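What you see is a predicted model; the values in this text were computed from it and never measured. Each chain gets a letter, A, B and so on, in the order the sequences are listed, and its residues count up from 1.
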Amino acid sequence: MRIALEPGPGSVPVGSRHPDGADRPDGTDRPGRWAGAARWQRLAEDGTPLAAAQPVPDLAAAVRAIEDDARRGGEAVRWVWRSARTYRRLLRAGADVARCHDVELVEGLLVGAEGRSGEPHGIAAAAARLAGRPPAPDPALEEDDDGAPPALFAAQPADPDSDPLATLVAVHAGQQRRLDAFGPGLRLLAAAESAGALVAEEMTAHGLPWRADVHDRLLTELLGPRPLPGGRPARLAALADEIGVAFGRPVNPDSPAELLRAFARAGHELETTRAWVLRTIDHPAVGPLLAYKELARLHSAHGWSWLRTWVRDGRFRPEYVVGGVVSGRWATRGGGALQIPRAVRAAVRADPGWRLVVADAAQLEPRILAALAGDAGLAHAGNTGDGDLYAALAADLFGGDRARAKLALLSAMYGQTSGGAGVLLARLRRRFPAAVGYVEDAARAGEEGRLVRSHLGRTCPPARPGHEQPAAARARGRFTRNFVVQATAAEWALVLLAELRHALRSTGSLAQLVFFQHDEVLLHCPAEVAGATAAAVQEAADTAGRRLFGASPVRFPMQVRVVGGYDEKQ
DNA sequence: ACAGACTGCGCC
DNA sequence: AAAGGGCGCAGTCTGT
């Protein structure tokens with residue numbers, strides 16, 4: 001059964017915060033009541049209403065009751081809501097759910113699949129689309145967390161369709177019909193994307209354990225003592241001085257233009273000041289400049305000001321944007337969560353008595369390609385030896401040179417041909433014609449202006465006009481070539497997350513999903529369940545492989561570490 | 001003063 | 001002949 005849920009304007013969680021206003025140390029809020037005009041309506045699987053809409057006086061308690069009943073063997077429920085903002089509010093009120101249908105995320109998938117990429121996919125636009133009205137640009141659907149109503153409903157009080165619950169129910173039913181027009185893949189993707197939204201909200205609520213004291217110590221070791229706000233750390237100032245001395249006059253190392261002029265005066269005409277270019281020239285400023293660049297980046301991107309902004313009560317809580325990237329990868333808003341540099345990963349530490357389970361999919365993208373293309377040879381290469389696909393490939397085809405094997409494979413998936421990649425690619429093509437042919441077909445589709453789709457049906461947005469020039473067409477080909485692999489890898493990871501979450505919930509595990517980055521998951525769990533948690537991750541990976549590719553021989557091994565700190569090898 | 005483009009680099 | 005996919009972020013530069 002499904003239940004469409006609309007918290008409605010003005011409903012706010014009451015008493016859900018700790019008395020002092022802070023989150024509880026375990027990252028959860030105290031269960032609270034949810035006052036306001038919440039309503040819900042029971043639906044059949046196809047979205048048809050089974051009963052009249054009902055007001056729900058205490059939403060969080062009501063949701064908890066239904067979920068508890070399902071856990072005890074009652075009917076399973078899939079909650080239908082407008083967006084994960086509803087779930088964020090439920091979580092704060094102390095209610096979590098097993099399954100949902102996220103209307104705005106599904107609308108995004110459908111809009112793309114129907115060849116209308118770029119059209120808005122908020123509920124207002126979805127309702128307009130359903131009614132055959134021109135898709136009005138989405139009003140700012142941003143709604144603050146404490147429940148200010150979105151402008152959408154406030155703006156149309158007289159419209160009978162402005163009943164938010166009725167709109168939700170109608171759009172959801174329409175989505176069920178539209179999903180029928182596509183294969184089962186898109187349905188699976190819709191469910192996985194929705195589950196991903198649950199995971200994302202829960203990960204933000206749990207937070208990634210982050211030791212501010214360790215981070216501060218690392219920064220101090222590398223940069224010198226913490227400077228006054230806005231100030232430049234001692235180590236950076238010293239390096240800037242060294243650079244000035246090397247050039248014979250002060251140069252701002254943060255200004256590429258100044259650096260180019262300074263190098264030109266010294267007889268080095270450079271195109272850019274990228275680090276790999278600087279490494280090729282012989283000048284006394286290069287050493288300190290490279291050191292400066294590395295440390296300046298650490299300071300500005302993940303330094304003390306980042307720490308103060310993003311870490312509270314021992315947790316880093318990035319906001320994940322599910323499906324925020326065209327390929328379906330997640331993005332994050334603020335905090336640079338997907339670019340945590342290795343240099344500060346030691347600050348990610350499990351609580352006392354707890355462990356981190358760090359799991360990443362080994363060589364995910366080539367394995368995805370093998371499965372997508374049905375390339376038995378490449379699948380076999382991934383299953384030989386100790387599971388190192390690149391090493392197997394190297395032994396088989398590249399005289400044991402793992403680096404060249406990796407370059408060849410990545411070139412096939414990214415469209416690179418420089419650096420000798422073209423020759424390696426030719427060798428790869430002869431050995432794995434299905435896999436290489438698959439990405440080359442995708443590249444050709446892009447060059448010819450056609451659309452490509454992921455395995456489950458996420459559709460790449462069409463090229464913008466002006467891509468008729470050869471250079472642009474080739475760029476488009478590289479994009480579509482990569483899209484089919486990256487987007488399918490992203491949906492595999494999404495299904496893994498959904499399966500893992502399901503497994504943890506159904507066993508009552510205390511393990512928490514706390515971080516996700518493309519092909520890597522971090523869990524935080526009591527030490528005594530770390531082994532079981534690690535096993536659950538591999539099981540979820542296997543299940544994800546079967547869900548996407550059925551009986552494919554391709555395996556998806558996870559490299560799992562059970563550690564105290566994110567930087568530890570094991 | 002502000003916005004947006006550009007540069008360069010972190011992660012996958 | 002040459003041709004490297006996807007992001008977010010901070011700082012500089014440019015245009016208004």
Side-chain angles (χ1 to χ4, degrees), chain A residues 230 232 236 251-261 270-278 289-290 292-303 305-306 309-310 318-321 323-345 360-366 368-369 406-425 439-440 442-443 446-447 452 454 458 460-461 469-490 492-493 515-521 566:
Chain A
R232 181 187 248 176
L236 287 182
V251 172
N252 174 8
D254 289 322
S255 167
E258 268 193 57
L259 286 171
L260 288 181
R261 284 194 293 273
L270 303 179
E271 296 278 321
T272 87
T273 62
R274 293 196 178 105
W276 68 270
V277 172
L278 295 178
L289 181 53
L290 290 173
Y292 179 93
K293 278 171 172 280
E294 197 176 322
L295 293 174
R297 176 162 182 88
L298 177 64
H299 177 238
S300 68
H302 287 91
S305 114
W306 181 92
T309 307
W310 289 103
E319 184 180 349
Y320 296 91
V321 185
V325 177
V326 291
S327 64
R329 279 185 172 183
W330 294 11
T332 57
R333 197 147 33 217
L338 301 184
Q339 300 106 247
I340 300 171
R342 292 176 189 284
V344 300
R345 289 189 179 182
D360 71 288
Q363 303 125 12
L364 177 59
E365 294 196 346
I368 289 288
L369 174 57
K406 183 173 179 176
L407 175 65
L409 214 34
L410 293 179
S411 302
M413 292 183 296
Y414 291 167
Q416 178 183 354
T417 52
S418 65
V423 179
L424 302 180
L425 184 55
V439 285
E440 291 187 339
E447 290 177 16
V452 296
S454 71
R458 193 185 303 271
C460 80
Q469 295 88 344
R474 282 195 300 274
R476 179 72 189 166
R478 288 192 296 276
F479 171 74
T480 50
R481 170 196 293 264
N482 183 250
F483 180 93
V484 294
V485 177
Q486 188 183 112
T488 304
W492 175 87
F515 189 61
F516 170 59
Q517 161 171 261
H518 310 317
D519 63 356
E520 179 179 16
V521 295
Y566 191 15

* To do: Could you please spell out the steps behind the side-chain contact (heavy atoms from CB on, under 4.5 Å) verdict for W306(A) and V344(A)?
  => CA-CA 12 Å; W306(A) 181 92; V344(A) 300; over 6 Å; no
So, OP1 or OP2 of [N]: does either fall under 4.0 Å of a side-chain N or O from [X]?
X	N	answer
R476(A)	dG5(C)	no
K293(A)	dC9(B)	yes
T273(A)	dG8(B)	yes

What's the [atom1]-[atom2] distance between [X] and [N], to the nearest Å?
X	N	atom1	atom2	answer
I340(A)	dC9(C)	CD1	C1'	14 Å
Y292(A)	dT7(B)	OH	P	19 Å
R297(A)	dG10(B)	CZ	C1'	4 Å
R458(A)	dG6(C)	CZ	C1'	13 Å
Y320(A)	dC12(B)	OH	C1'	14 Å
L270(A)	dT7(B)	CG	P	15 Å
L410(A)	dG5(C)	CG	C1'	10 Å
L409(A)	dG4(C)	CG	P	17 Å

With [X] via salt bridge (Lys or Arg N to Asp or Glu O under 4.0 Å) - residues at least two apart:
X	value
E365(A)	R329(A)
R458(A)	E193(A)
E319(A)	R88(A), R333(A)

Under 3.5 Å, which N/O atoms of the protein pair with N/O atoms of nucleotides 12-16 of chain C?
{"unit_1": "dC13(C)", "atom_1": "OP1", "unit_2": "S255(A)", "atom_2": "OG", "d": "2.4"}

Under 4.0 Å between any heavy atoms, over every strand shown, what does [X] touch: base, sugar-phosphate, or nothing? Just pick one.
X	answer
G422(A)	nothing
R342(A)	sugar-phosphate
V326(A)	sugar-phosphate
A275(A)	sugar-phosphate
Q517(A)	sugar-phosphate

Can you tell which of [options] lies closest to the side chain of [X]?
X	options	result
F479(A)	dG6(C), dC11(B), dG8(B)	dG6(C)
R474(A)	dC7(C), dA3(C), dC12(B)	dA3(C)
H518(A)	dC12(B), dG8(C), dG5(C)	dC12(B)

* Please report the closest heavy-atom contact between V521(A) and F516(A), naming both atoms and the distance. =>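 Between these two residues, the closest heavy atoms are CG1-CD1, 3.7 Å.
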* Asked: Any idea which heavy atoms bring L425(A) and E440(A) closest together, and the distance?
  ->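 For L425(A) versus E440(A), the nearest heavy atoms are CD2-OE2, 4.5 Å.
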* Given that H299(A) and N482(A) both sit by DNA chain C, which one's nearest nucleotide is further toward the 5' end? ->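 By nearest-heavy-atom nucleotide position, the 5'-most residue is N482(A).
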* Any chance NZ of K293(A) has more than 12 other-residue heavy atoms, nucleotides or ligands included, within less than 6.0 Å? ->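 More than 12 within 6.0 Å, yes.
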* Asked: Does any N or O donor sit under 3.5 Å from an N or O acceptor when you compare the side chain of R329(A) with the base of dC12(B)?
  ->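 Such a pair exists between side chain and base.
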Residues two or more places apart in sequence or in another chain: which of them pass side-chain hydrogen bond (donor to acceptor under 3.5 Å, both in side chains) with [X]?
X	value
Q416(A)	none
T480(A)	none
T488(A)	none
N252(A)	none

* **Between dC9(B) and dG4(C) - C1' atom distance, rounded Å** =>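 One C1' to the other, the span is 16 Å.
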* Does Y414(A) lie flat on the base of dG4(C), that is, centres under 5.5 Å apart and planes under 30° off? ->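 Taking the rule of under 5.5 Å and under 30°, the ring of Y414(A) does not stack on dG4(C).
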* Asked: For the helix from dA1(B)-dT16(C) to dC12(B)-dG5(C), how many degrees between its two end axes (five pairs per end), to the nearest 10°?
  ->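 Both end axes considered, the difference amounts to 10°.
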